[in-house]
S.K.: 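Structure provided below as structure tokens; questions to follow.
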Amino acid sequence: MHRTRLFGDLGIDDAQRLTAEALAGLEDGELFVQHVVSESLAFDDGRLKVATFDVGSGFGLRGVLGETTAFAHANEVSERALRRAADTIAVVRRGRGGVMPAPPPERSNRRLYTDADPVAAIPFAGKVALLERIDAAARDADPRVVQVSVSLAASHSQIGIVRADGERFFDVRPLVRLNVSIVAERNGRREAGSWGFGGRWLPGRLFEDSEWRRAVALALAQAQTNLESVPAPAGEMPVVLGPGWPGILFHEAVGHGLEGDFNRKGLSAFSGRVGERVAAPGVTVIDDGTMEGRRGSLSIDDEGTPTSATVLIEDGILRGYMQDRMNARLMGVAPTGNGRRESFAHPPMPRMTNTYLAAGQEDPEEIVRRVRSGIYARSFGGGQVDITSGKFTFSCTEAWRIENGRLTAPLKGATLIGNGPEVMQRIRAIGHDLALDEGIGTCGKGGQSVPAGVGQPTLLVEGLTVGGTA
């Protein structure tokens, strides 16, 4: 890691001294410094349409006293900028005496991903050539393909955390992602399909024929399926959720409600319910930031705390919440390594990493056979969620009718409507086929976006409202 690049002419020792001066008398806080290089390419209509390359650096200075946080940031890492930020931080302790500072995060030598730079790993011409090959392969696979869009993105983020107590933490975070979208047409009807994958690794895997061809095949299969789709039914009915990416529904409708800040403030349906039954028996939900190479994983969070595998719900019983340092201290529990921020220009808050519903013991095919009339949701697109109440609306990008225990016709226009905490109580079967998403998730909260992972096995939910057009 180029630590000198992070602190520039200021130097890490001077940064330490200025941070200690700025945070004197406060309970917690840190200087978060970041240098990030990112690149994005988009290929559409048979040609390269977008190619961006960005380099950014800066710092965020945060001071915490009780429930009050002051935060200032700048894209110039210098003594002048840091002193101006310290003036902002000073408002927190106005009229207040010094307090006992919070202990620093525990140290860890764990590394969950490479330090190497994924942006520089492949020449630009090689990246364009890959997009051209994917475009050609998709068009050759089916004469009905009328549009192909391919995007390739990579970033290399170096971060440093300096604390007033002298502790320093560093991390280097790679991230890559490939997405393929295909539109197919038949008799004037057009339908789309998409697939993507990625993670915290070098881009070599994206260039393997078997990997990108699989993405093309799955995106095309979804478009072909949707060409055969019929209007979705409407009403309340059993819904089978497929493994993997459908976990995004629980991520949004339940996961945010298990973050510490919402529960400390009493804004979540799960507030004050630790030890109570909040889901059906057999339902176990885990947030795990320690999975090697996963998109949502971090060796340390953005406060320096090592990430962990946190059991949130165990066999239907609420065990705890995801915590950053401030909310953990105010709630009298240990931080879980979930303090995350979008960049140096944002303060940390409790956020999910890789959140999934653990596997059960039932045969996924048998779960489908149990449904006389319902739908099977294999993939989701956009959705809307009220984090406080857990009410959600999610549109299906691929869904099937279930009739007499088997999948019949693919459906168009299926929307799932419900309440996350209530749905957790209505889970009636849990498959043994746990799958995590392919590495494409992005989580939004409080105006900040961070990479995240989701997952689940096949699930049978009794009585979800389906919005359809039939």
Side-chain angles (χ1 to χ4, degrees), residues 40-46 49-50 127 130-154 175-186 190-201 203-229 241-249 251 293-296 354 356 376-383 394-400 407 410-412 414 433-443 451-456 458:
S40 178
L41 289 77
F43 200 86
D44 196 11
D45 290 334
K49 283 199 170 180
V50 176
K127 298 169 187 174
L130 172 66
L131 301 184
E132 290 174 338
R133 288 198 299 273
I134 293 174
D135 179 85
R139 295 179 187 278
D140 291 345
D142 189 327
R144 295 175 294 178
V145 171
V146 294
Q147 184 177 358
V148 180
S149 301
V150 191
S151 63
L152 177 66
L175 194 64
V176 296
R177 175 173 167 172
L178 176 71
N179 278 82
V180 180
S181 296
I182 294 173
V183 177
E185 181 179 12
R186 187 188 64 184
R190 291 191 172 196
E191 297 292 347
S194 63
W195 197 262
F197 66 104
R200 293 197 182 278
W201 20 268
R205 181 175 157 191
L206 304 179
F207 285 72
E208 295 176 9
D209 272 15
S210 60
E211 293 286 354
W212 64 258
R213 288 187 184 280
R214 176 173 173 268
V216 170
L218 291 169
L220 179 58
Q222 189 176 99
Q224 292 168 333
T225 295
N226 288 334
L227 279 177
E228 307 295 328
S229 62
L241 302 172
W245 179 245
I248 188 65
L249 187 153
H251 166 101
R294 294 292 306 175
R295 180 173 171 85
N354 305 298
Y356 64 92
Y376 178 86
R378 179 170 287 165
S379 183
F380 289 110
F394 272 90
S395 59
C396 300
T397 53
E398 183 179 351
W400 293 75
L407 304 187
L411 300 176
K412 180 178 177 63
D433 57 340
L434 170 65
L436 300 177
D437 76 286
E438 299 271 352
I440 60 172
T442 299
C443 173
V454 301
Q456 66 171 51
T458 297

S.K.: Would you mind reporting whether Gln222 and Leu218 have side-chain heavy atoms less than 4.5 Å apart?
M.R.: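 Not in contact.
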S.K.: Closest approach of Asp44 and Ser149, non-hydrogen atoms and distance?
M.R.: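 Closest pair (atom of Asp44, atom of Ser149, distance): OD1-OG, 2.9 Å.
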S.K.: Given side-chain contact (heavy atoms from CB on, under 4.5 Å), test Leu407 with Arg378 step by step and report yes or no.
M.R.: CA-CA 12 Å; Leu407 304 187; Arg378 179 170 287 165; 4.2 Å; yes
S.K.: Does Leu41 reach the side chain of Leu131, with side-chain heavy atoms less than 4.5 Å apart?
M.R.: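 In short, these two side chains touch, coming nearer than 4.5 Å.
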S.K.: With rounding to the nearest 0.5 Å, note down the distance linking CG in Leu241 to CD in Gln456.
M.R.: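 Rounded to the nearest 0.5 Å, the CG-CD separation comes to 5.5 Å.
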S.K.: If you define the side chain from C-beta out and look only at heavy atoms, does anything of Cys396 sit under 4.5 Å from Leu411?
M.R.: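 Not touching, per the 4.5 Å side-chain cut-off.
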S.K.: Closest heavy-atom contact between Pro243 and Tyr376?
M.R.: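 It is CD-OH, 3.8 Å.
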S.K.: By the definition side chain to side chain contact (heavy atoms under 4.5 Å, CB included), identify the one residue from Arg190, Glu191, Arg144 that meets it with Val183.
M.R.: Arg190
S.K.: Find the distance between CG (Leu130) and CZ (Phe43) and round it off to the nearest 0.5 Å.
M.R.: 10.0 Å
S.K.: Could you pull out the closest heavy-atom pair between Arg213 and Ala137, with the gap in Å?
M.R.: NH1-CB, 4.0 Å
S.K.: Hey, are the side chains of Glu211 and Leu206 touching, using non-hydrogen atoms and a 4.5 Å cut-off?
M.R.: no
S.K.: Taking atom CZ of Arg294 and atom CZ of Arg200, what is their separation to the nearest 0.5 Å?
M.R.: 11.5 Å
S.K.: Where do Ser194 and Ser181 come nearest, in terms of heavy atoms and distance?
M.R.: CB-OG, 3.6 Å
S.K.: Calculate, to the nearest 0.5 Å, the distance between atoms CZ and CD1 belonging to Arg139 and Ile182 respectively.
M.R.: 9.5 Å
S.K.: How many angstroms lie between atom CZ of Arg214 and atom CZ of Phe197, to the nearest 0.5 angstrom?
M.R.: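 It is 8.0 Å, given to the nearest 0.5 Å.
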S.K.: Inspect the contact between Arg133 and Asp140 and indicate whether a charged nitrogen and a carboxylate oxygen are less than 4.0 angstrom apart.
M.R.: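 Between Arg133 and Asp140 there is no salt bridge, as every charged N stays at least 4.0 Å from the carboxylate O atoms.
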S.K.: Rounded to the nearest 0.5 Å, what's the gap from CD1 on Ile248 to CD1 on Ile440? Could you check?
M.R.: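 Spacing of CD1 (Ile248) from CD1 (Ile440) equals 8.5 Å.
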S.K.: Say whether, by atom type as modelled, one donor and one acceptor occur between the side chain of Trp245 and the main chain of Phe380 under 3.5 angstrom.
M.R.: yes
S.K.: Quiz question: by atom type and distance under 3.5 Å, do the side chains of Ser151 and Arg177 form a donor-acceptor pair?
M.R.: no
S.K.: Is the shortest distance from a Lys or Arg side-chain nitrogen in Glu228 or Arg186 to a carboxylate oxygen in the other one below 4.0 Å?
M.R.: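 A salt bridge is present here (some side-chain N lies under 4.0 Å from a carboxylate O).
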S.K.: Give me the atom names and distance for the closest heavy-atom approach of Trp212 to Ile134.
M.R.: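 That would be CE3-CG1, 3.5 Å.
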